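Input: a single structure, listed below in structure tokens.
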Amino acid sequence: MTANTGTSGENLMGNGGKTHEPSTPTSDTEVASGTPTELSEIFFVDNSRRKQSIKIQVKLCPEGVYLRRETEEDDHINEQLIRIDDIIGSRYGRRLKKRARGGLNSCRNPNVPGQEADSEPDSDNSAYLYIYAYLKKEKPLRRVQTLRILRFRSSNDYGVNLQTAEMWHHTIRKHKRGNGSSSPADCGKQLLILLNPKSGSGKGRELFQKQVAPLLTEAEVQYDLQITTHPQYAKEFVRTRRDLLTRYSGIVVASGDGLFYEVLNGLMERMDWRRACRELPLGIIPCGSGNGLAKSVAHHCNEPYEPKPILHATLTCMAGKSTPMDVVRVELATRDKHFVMYSFLSVGWGLIADIDIESERLRSIGAQRFTLWAIKRLIGLRSYKGRVSYLLGKGKKEPPVEAARELPAESTAAGIRSSLPLNAGEFHDLPEEEEGEAVLDGEQFADAISLDRSVYRQHADSWHSAMSRRTAYYSLGGPSMRSNRSRMSISQRIEAANAEFAERVPTGTIPPLQMPLLSSDGWICEDGDFVMVHAAYTTHLSSDVFFAPESRLDDGLIYLVIIRRGVSRHQLLNFMLNLNAGTHLPIGEDPFIKVVPCRAFRIEPSSSDGILVVDGERVEYGPIQAEVMPGLINVMTTSGQ
Ligand code: ADP
Ligand code: MG
């Protein structure tokens, strides 16, 4: 055996009293908790080929586990570091049966008693420590599954050996904690895992049992697996669970982008949405057919994706680190209906949206359908008339509050109220302590809102109708404010209420969809004939479409790609062919294809017939606008902030 072999498990034997000179674990800096910072012990591995044993010094310290090998015949020293980040967990106790170890083979050596002791574990007084690691390697980027087995047998008493193994185990956990990771195993909370059994090829459950569950066991993660039974199950689950924040350390979606969309939108409909978004990191394990987010996250933290996306994403979710990510608030209007949704991938109009949706009828032929339909659509190229407006992302200037004054009267509560569907039945999850709090009554509310000084330019989201019970929050806030309230002027009260409202309810800062966009606010409008307008905020729209290579998870930017009519088929073909490599965008100025990094945009199609997609799902066709909410959620990564 060599200390560098990657893929197989190795059984390193601690000193057994008689055969090898004794050594005791050295613990350098004992800390208050009783767990040492550094542990070191000599282990031996018999090498039957060379008829000698190899001496390996194993040292556990905050950086990880050093394996230092010395051979007697030459002075050559061979050292390997298993980084603490690459270790997902360890387990100690009796020798495990092979199957329980995750199918890895330990080094078989018939000369070593006890190595094949699966059948008679009681005759072995050794305690074993199994260290589960997934070593990150470059060129090609990959994770190599590695199992190190340390066998402690200094004492004839199993209990004493077990104590030593346990100390190593706890020290590993401590170093993982100390490394900025808050592993789901350590916070006393569970990981909520939402699994869609119907996603992708419908093998979600099996994929989970085979590929995800073993890693959760290795990492000692406590989890609550919720298997969705129908669409909206995940959304309702996260929206209505009162104990979501106290019970769970994070939410992992084992599905495609569709289920993640449900979870995000469920969170955003909670009264404590802001806290939920801040405190519950979200992860994704790609079991679906559309896995743009999983690929984008892997890209962000320089983790491998293929050939084992589920394994790699699970490791990312276990790493205990998270990174802020932008969310995009999308507003749609069709006829008199008004919708708000929260998106994390893209909004599309034209070519790519058409290919995506129209090729569904070829679903049976698999991924080829996109290529085939792309060819069909390039031959019968369409363009759409309309207007595209955007607010450039550079400088990230907040729109001036004064702009509110320019808004006509319909932007008052009454105007919005009439455009928002009411759904009183949704509001049963109002937190108790807030219930019944003193609020402005209906008339006062209407008065307040019609005051000229009202800074009500923010518009409520669909379910936060001005008429709903949730308007309670459009009132003065918690107990601390109550005492001051009487001393406030009405306008101060309104401003305080607005601030409170913005905290309680996700709001937009750009004018509502029915309002004009003003160039004085920085809006740039383009009228014309468009082959495509596609906005993306993550790098990848799917695992093989590297749409916005410049994008970063929390850059506060939407990459708006605008292709105008007049573009040649040749240029478009190149665009489509290069999407995979991310080399599709023109380098310099191009008369037909341009990329606009912006923080908000609006699309107003002239005709009533076409396709619009949000995060790959079709939505009602009509005017649509979107605005980035920078770094609103946290996604599980291996790199952290
Ligand atoms: P895929 O990438 O394969 O489309 P998604 O995770 O995106 O997988 O899920 C597709 C849709 O399935 C989502 O819109 C979701 O609402 C819906 N869904 C979730 N759970 C179930 C279920 N148990 N049965 C049927 N559909 C479901
Ligand atoms: Mg971005």
Side-chain angles (χ1 to χ4, degrees), residues 192-209 211-212 224-241 251-269 282-298 305-306 308-310 312-314 316-317 327-328 330 332 339-348 352-353 355-370 373 536-538 540-545 547 611-620 633 635-636:
L192 170 61
I193 302 180
L194 290 155
L195 177 114
N196 177 359
K198 298 280 162 62
S199 74
S201 49
K203 297 212 176 79
R205 244 185 255 249
E206 282 153 77
L207 293 172
F208 183 85
Q209 286 312 329
Q211 299 190 43
V212 183
D224 175 15
L225 176 63
Q226 292 285 334
I227 298 175
T228 65
T229 53
H230 54 272
Q232 303 301 315
Y233 176 100
K235 180 179 176 186
E236 287 307 296
F237 189 93
V238 300
R239 190 178 75 80
T240 55
R241 287 304 285 248
I251 306 176
V252 168
V253 170
S255 189
D257 293 324
L259 204 69
F260 192 90
Y261 174 87
E262 279 194 22
V263 167
L264 172 64
N265 281 271
L267 285 178
M268 293 303 288
E269 289 192 12
L282 307 178
I284 182 138
I285 298 176
C287 301
S289 44
N291 298 312
L293 180 61
K295 175 70 183 180
S296 297
V297 168
Y305 186 79
E306 296 291 358
K308 293 177 184 157
I310 295 181
H312 296 136
T314 306
T316 300
C317 294
V327 164
V328 169
V330 176
L332 282 170
F339 302 96
V340 171
M341 54 183 73
Y342 296 90
S343 155
F344 56 97
L345 278 184
S346 64
V347 170
I352 291 182
I355 293 169
D356 217 359
I357 300 301
E358 290 172 352
S359 69
E360 295 236 337
R361 66 187 79 165
L362 302 181
R363 195 167 255 279
S364 56
I365 65 166
Q368 296 275 310
R369 71 184 167 111
F370 295 107
W373 211 266
Y537 358 112
T538 53
H540 291 76
L541 296 184
S542 67
S543 55
D544 54 1
V545 177
F547 192 79
I611 291 173
L612 270 180
V613 292
V614 174
D615 294 350
E617 298 290 327
R618 190 171 189 172
V619 296
E620 273 203 66
I633 55 171
V635 284
M636 297 173 183

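What you see is a predicted model; the values in this text were computed from it and never measured. Counting starts at 1 for both ligands and their atoms, following the listed order.
- Of all atoms in ligand 1, listed by their number and element, those nearer than 4.0 Å to a heavy atom of Gly200 are 1 (P), 3 (O).
- Within ligand 1, counting atoms from 1 as listed, the ones closer than 4.0 Å to a heavy atom of Glu262 are 15 (C), 16 (O).
- Shown in contact with His230 at under 4.0 Å from a heavy atom are these atoms of ligand 1, numbered in order with element: 20 (N), 21 (C), 22 (C), 23 (N).
- The distance from ligand 1 to the heavy atoms of Gly258 drops below 4.0 Å at these ligand atoms: 5 (P), 6 (O), 7 (O).
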**Message:** I'd like to know whether Tyr305 forms a side-chain contact (heavy atoms from CB on, under 4.5 Å) with Val297, so could you lay out the CA-CA distance, the side-chain angles of the two residues, the decisive distance to 0.1 Å, and finally the verdict.
**Reply:** CA-CA 9 Å; Tyr305 186 79; Val297 168; over 6 Å; no
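- In terms of N/O distances under 3.5 Å, ligand 1 is not approached by Lys198.
- Listed for the Glu262 side chain is a donor-acceptor partner under 3.5 Å among the backbone atoms of Gln232.
- Contacts of Glu617 with ligand 1, taken as heavy-atom pairs under 4.0 Å, are absent altogether.
- When only interatomic distances are considered, the shortest N/O to N/O separation between Ser199 and ligand 1 does not fall below 3.5 Å.
- Under a 3.5 Å cut-off, the side chain of Asp224 and the backbone N or O of Leu192 do not form any donor-acceptor pair.
- Classification of the Tyr233-His230 ring pair by plane angle, with boundaries at 30° and 60°, yields perpendicular.
- Residue-ligand proximity, Gly256 to ligand 1, at heavy-atom distances under 4.0 Å covers atoms 2 (O), 5 (P), 6 (O), 7 (O), 8 (O).
- For the pair Ile352 and Phe547, the minimum side-chain heavy-atom distance is below 4.5 Å.
- Under a 4.0 Å criterion applied to the non-hydrogen atoms of Gly290, ligand 1 contributes the atoms 2 (O).
- Each of the following atoms of ligand 1 lies closer than 4.0 Å to a heavy atom of Ser255: 5 (P), 6 (O), 8 (O).
- Counting heavy atoms from C-beta on, the side chains of Val212 and Ile310 come closer than 4.5 Å.
- A donor-acceptor pair is defined here as one N or O able to donate and one able to accept, closer than 3.5 Å; such a pair exists between the side chain of Asp257 and the backbone of Gly292.
- Side-chain atoms of Ser199 come within 3.5 Å of backbone atoms of Cys287 as a donor-acceptor pair (strictly under, hydrogens ignored).
- Of all atoms in ligand 1, listed by their number and element, those nearer than 4.0 Å to a heavy atom of Ser289 are 1 (P), 2 (O), 3 (O), 4 (O).
- At a heavy-atom cutoff of 4.0 Å, ligand 1 is contacted by no atom of Asn291, backbone or side chain.
- Aromatic ring orientation, Phe344 versus Phe260: perpendicular (interplanar angle above 60°, classes split at 30° and 60°).
- Relative to atom 23 (N) of ligand 1, the option among Asp615, Ile227, Thr228, Leu195 with the closest non-hydrogen atom is Thr228.
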